[in-house]
Protein chains: 2
Amino acid sequence: MAARVGLTPERLTQAAAELADEVGFDQVTVSALARHFDVKVASLYSHVKNSQDLRTRIALLALEEMADRAADALAGRAGKDALTAFADVYRDYAREHPGRYAAAQLRLDPETAAASAGVRHAAMTRAILRGYDLTEPDQTHAVRMLGSVFHGYVSLELAGGFSHSAPDAQESWSRILDALDALLHNWPTA
Amino acid sequence: MAARVGLTPERLTQAAAELADEVGFDQVTVSALARHFDVKVASLYSHVKNSQDLRTRIALLALEEMADRAADALAGRAGKDALTAFADVYRDYAREHPGRYAAAQLRLDPETAAASAGVRHAAMTRAILRGYDLTEPDQTHAVRMLGSVFHGYVSLELAGGFSHSAPDAQESWSRILDALDALLHNWPTA
DNA sequence: TGCATCTGCCTAAAGCCTTTAGGCAAACGG
DNA sequence: CCGTTTGCCTAAAGGCTTTAGGCAGATGCA
């Protein structure tokens with residue numbers, strides 16, 4: 001009867017990611033996705049295991065996209081230049097793709113996480129620190145701190161925490177990166 | 001027929017908060033709450049406007065509880081002592097009450113946010129900076145950075161980001177607070 | 001104490017989302 | 001050209017949300 005639409009897990013994931021950016025990650029639903037393709041809901045279950053599977057796929061896509069951008073931004077840069085470029089990747093990505101960014105915060109089970117682009121993120125963060133003079137275990141502490149600041153700031157900004165108050169969010173972001181650079185140059189030893 | 005159970009918005013909110021800590025904030029549902037009180041679902045709608053209202057109440061409760069703890073921790077402390085005590089309040093609260101902590105991240109509409117304990121949090125963060133020598137606008141940048149680090153670290157730790165890898169999360173947390181203290185003492189000027 | 005009112009929890013029902021089972025026809029491969 | 005595979009469909013069950021309307025226990029006043 002109806003012509004085949006040509007659904008695949010990839011197309012579904014892509015469309016779901018766009019949907020997430022439009023209406024919010026937790027509004028992404030198998031039903032909404034089916035409506036988008038003008039297809040019956042049950043049809044999607046041949047391509048995606050269930051609702052949770054769909055969400056996980058969006059998360060993995062977002063992690064990949066961010067890692068790709070980060071790798072690109074890091075090429076040929078070092079020191080503060082690398083730090084800034086790397087940080088901006090996350091902030092810009094979150095602003096461009098709030099739904100995908102929210103998806104990337106999804107708690108993945110350990111095996112899925114290990115196979116995700118999350119490991120690339122960790123490796124790149126460590127690579128940035130090569131521009132500073134940190135040895136273990138301080139390097140790990142610094143990795144965790146950078147991750148926390150980036151994630152925390154972007155989350156708060158996305159949640160509207162800094163809007164409608166001076167100074168603007170961009171200004172604080174720049175000055176915080178200055179501060180982080182200074183801190184990494186002068187990391188206190190125990 | 002059935003004896004009155006004595007439902008109130010407060011009791012519902014309290015029970016919902018406990019439920020959130022047990023099963024996760026996004027598993028908190030009007031239906032689950034009704035089951036907990038052994039009452040029909042519709043009965044709750046006399047006390048709570050809807051599902052979103054229930055979630056918001058949990059968030060407001062969490063913000064209040066955290067602000068109370070923070071105010072307590074801050075009393076009689078200054079400088080790094082205050083910084084550490086304040087930071088530990090958030091981390092400990094999140095570990096004790098993961099569901100409530102997740103609730104506190106809920107995006108509130110501006111008016112609700114303005115009337116919430118969120119303003120106390122901002123004021124207390126600023127109070128901590130009195131122990132350091134920062135003037136505007138750097139003080140605001142520092143407030144935002146502290147908020148980002150605390151929120152970011154706690155979120156990542158809660159998401160399991162630091163588990164099963166050395167050094168342990170407590171060690172990093174201590175060293176990051178050392179680093180923040182050093183940074184605030186030596187904030188780079190533009 | 002008796003009665004009227006109010007309040008609180010109930011039944012009923014509609015709407016939407018998820019997920020599984022089984023069917024039919026279009027696409028594909030020999 | 002025809003058999004098989006594959007993809008989307010119908011059907012159905014179960015859960016959560018929310019509104020409307022009803023009945024009885026609690027409350028308050030005489």
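This one's a predicted model, so the numbers in the text were calculated from it and none came from an experiment.
Residues passing the side chain to side chain donor-acceptor pair (under 3.5 Å) test with B:Arg57, sequence neighbours excluded: B:Asp53. The salt bridge (charged side-chain N to carboxylate O under 4.0 Å, His left out) search around B:Glu64 returns B:Arg120, not counting sequence neighbours.
Across the protein-nucleic acid pair, A:Leu44 atom CG and C:dA21 atom P stand 17 Å apart, rounded to whole Å.
Counting only heavy atoms from C-beta on, B:Ser43 has its side chain closest to C:dC9 among C:dC9, C:dT19, D:dC8. Side-chain proximity of A:Lys40 to D:dC9, C:dT19, D:dT17: nearest is D:dC9. Closest to the side chain of B:Ala42, out of C:dT11, C:dT19, C:dC9, is C:dT11.
Taking a 4.0 Å limit (strictly below) on heavy-atom distances, residues 23-39 of chain B reaches DNA chain C at B:Val39. Contacts with DNA chain C (heavy atom under 4.0 Å) in residues 7-20 of chain A: none are found. For residues 48-60 of chain A, proximity to DNA chain C is found at A:Asn50, A:Ser51, defined as any non-hydrogen atom under 4.0 angstrom from a strand atom.
Nucleic acid contact for B:Val5: sugar-phosphate only, since backbone atoms but no base atoms lie under 4.0 Å from a heavy atom of the residue.
Here the closest heavy-atom approach between residue A:Ala166 and residue B:Thr140 is recorded as O-CG2, 4.1 Å. A pairwise comparison of heavy atoms in A:Glu157 and A:Ala169 identifies OE2-CB, 3.4 Å as the closest pair. In terms of heavy atoms, A:Tyr153 sits closest to A:Ser172 at OH-CB, 3.4 Å.
A salt bridge links B:Asp178 with B:Lys80: at least one charged nitrogen is closer than 4.0 Å to a carboxylate oxygen.
No hydrogens or angles considered: a donor-acceptor pair under 3.5 Å links the side chains of A:His151 and A:Gln105.
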Kindly list each side-chain donor-acceptor pair under 3.5 angstrom involving residues 22-30 of chain A, sequence neighbours excluded, with atom names and distances?
none

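Listed pair A:His47 / D:dC8 meets the phosphate criterion, a side-chain N or O lying under 4.0 Å from OP1 or OP2.
Taking 3.5 Å as the limit, the base of D:dA26 and the side chain of B:Arg4 contain no donor-acceptor pair of atoms between them.
Using a 30° and 60° split on the angle between ring planes, B:Tyr93 and B:His97 fall in the tilted class, from 30° to 60°.
Considering only heavy atoms from C-beta on, A:Arg35 stays 4.5 Å or farther from A:Val41 through its side chain. In this structure, the side chains of B:Tyr101 and B:Met66 come closer than 4.5 Å at one or more pairs of heavy atoms.
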